[in-house]
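Quick note: numbers below take in every heavy atom, side chains included, and nothing from hydrogens, waters or symmetry partners. Chain letters run A, B, ... following the sequence lines, proteins first and then strands; every chain starts at 1.
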Protein chains: 2
Amino acid sequence: MPDAIPAFKQQIPSQNSDRDILAETPAYDLIELFFFAYRDFVSDPDRILDEYGFGRAHHRVLHFVSRQPGLTIAELLDILRITKQSLNRVLKELIEKDFIESRMGTSDRRQRLLHATPQGHDLALKLAKLQTRRIMRALSAASPEAKAAVSQYLLCLIDPDDREHVKQLVFGPEKT
Amino acid sequence: MPDAIPAFKQQIPSQNSDRDILAETPAYDLIELFFFAYRDFVSDPDRILDEYGFGRAHHRVLHFVSRQPGLTIAELLDILRITKQSLNRVLKELIEKDFIESRMGTSDRRQRLLHATPQGHDLALKLAKLQTRRIMRALSAASPEAKAAVSQYLLCLIDPDDREHVKQLVFGPEKT
DNA sequence: AATTTTATGTCAGCCTTGTTGACATATCTC
DNA sequence: GAGATATGTCAACAAGGCTGACATAAAATT
């Protein structure tokens, strides 16, 4: 992946006080904007999920299953970072209500390969479009390079150990 | 599709495909990156809060009270968008453990003006610095204009009705 | 002065979604 | 065949949301 242009990458090392201030002065603006943005970002889906008797936990599961047909339980647990008991509760409801189906693995028959049903895909898409509308509105108010900057920023907020994994999930397998 | 006002029904036909793609193709990358980034962003404070017997809810309350000494209950409820009962549960604990103190309002004695104690400010600052470290790491991997782009983006993700309010909270009262 | 509205506090109970621990089953691997 | 692995399930608990009802003091209105 393309690194930042070296000339822009570094700070001015001449003044230690600058570095200290950067390290020690809290970035209240970005901390708080992140909170408010996330608060509103998840509120759109919430309203619709309510109509189906689902919550945010159902949304996360449905989203990733819809995006990656054939996802296994273990992979899903790794993405969501919750316990299998927590996952199972919401997954069971999604299966019972016919939004997700669970097929036995072919190569390893212990695994469950999760797939969204047509109904499941519809709901997932509906919710994704809602959030996309909000995103597009925000991007359209910004510069053309904003999207790349925002993606890069969000990616680097993620724990370094996970970054490659997330990149694969989000942008698909590398073509190398 | 139901009737629309004819003149507004469609844009210039030549650009319809562009607009449709923008409106209809989900921005999966930004949706998912936002999820993963938020997941890790809140995980740093979580570890420390645990040592104090606090959770995320306590963090939010302490953060905004520490940032805005003299905040009232009503203002805090408006920021957090939770019920007073939910707020009261965590606020009571923060007051009992001497991280926040509640003073009677001077002009309106029904109000409670919330202030962080020295201990409260210390913890709030510690957590903010932790998150700032993550933010700075992410910004340093990006272009110099990234910070402005990210701020702008996050701000525009917020509900339009709230945007001015949040701007005031985050950037302070305008000098006009 | 009496009434109404507002800001806050509190009790009681419920829901969602996270947790831990223990145990069961089928299947794969060695 | 033995052990490891992927998943399912039961039970209990905790955090942090919610609603509804009711209480109090102080401000605002009439």
Atom-to-atom span, [atom1] of [X] to [atom2] of [N] - whole angstrom:
X: A:L76; N: D:dG8; atom1: CG; atom2: P; answer: 11 Å
X: B:N88; N: D:dC18; atom1: CG; atom2: P; answer: 13 Å
X: B:L87; N: C:dG9; atom1: CG; atom2: P; answer: 8 Å
X: A:D50; N: D:dG17; atom1: CG; atom2: P; answer: 16 Å
X: B:D46; N: C:dT19; atom1: CG; atom2: C1'; answer: 13 Å
X: A:I82; N: D:dG8; atom1: CD1; atom2: P; answer: 13 Å
X: A:L77; N: D:dT5; atom1: CG; atom2: P; answer: 16 Å
X: B:E93; N: C:dG9; atom1: CD; atom2: P; answer: 15 Å

Identify, with sequence neighbours excluded, every residue that meets ring pair (Phe, Tyr, Trp, His ring centres under 6.0 Å) alongside B:F171. none
Distance-minimising heavy-atom pair for B:Q131 and B:P45: NE2-CG, 3.4 Å
What is the ring orientation for A:Y52 with A:F99, classed by angle as parallel under 30°, tilted 30 to 60°, or perpendicular over 60°? perpendicular
Would you call the rings of B:F34 and A:Y38 parallel, tilted or perpendicular, taking 30° and 60° as the class edges? tilted
More 5' along DNA chain D: A:L113 or A:Q85, using each one's nearest nucleotide? A:L113
Among side-chain atoms of B:Q119 and B:T117, is any donor-acceptor pair under 3.5 angstrom? no
Ring-face cation of B:R67 near A:Y28 (centre distance under 6.0 Å, axis angle within 45°): yes
Once base and sugar-phosphate atoms are separated, protein heavy atoms under 4.0 Å mark nucleotides 24-30 of chain D, 5' to 3', with B, S and - as --BS---
Please confirm whether the shortest side-chain N or O distance from [X] to OP1 or OP2 of [N] is below 4.0 Å.
X: B:R81; N: D:dG16; value: no
X: A:S86; N: C:dT19; value: yes
X: A:R60; N: C:dG18; value: yes
X: B:H58; N: D:dA15; value: no
X: A:T83; N: C:dG18; value: no

Report yes or no: is there a donor-acceptor pair, N or O only, under 3.5 Å between the side chain of A:R89 and the base of C:dG18? yes
Donor-acceptor pair (no angle test) under 3.5 Å: A:K92 side chain, D:dG8 base: no
Please compare A:K84 and A:F54 by the position of their nearest nucleotide in DNA chain C and report the one closer to 5'. A:F54
For the atom pair CG (B:L30) and OH (B:Y153), what is the distance rounded to the nearest 0.5 Å? 4.5 Å
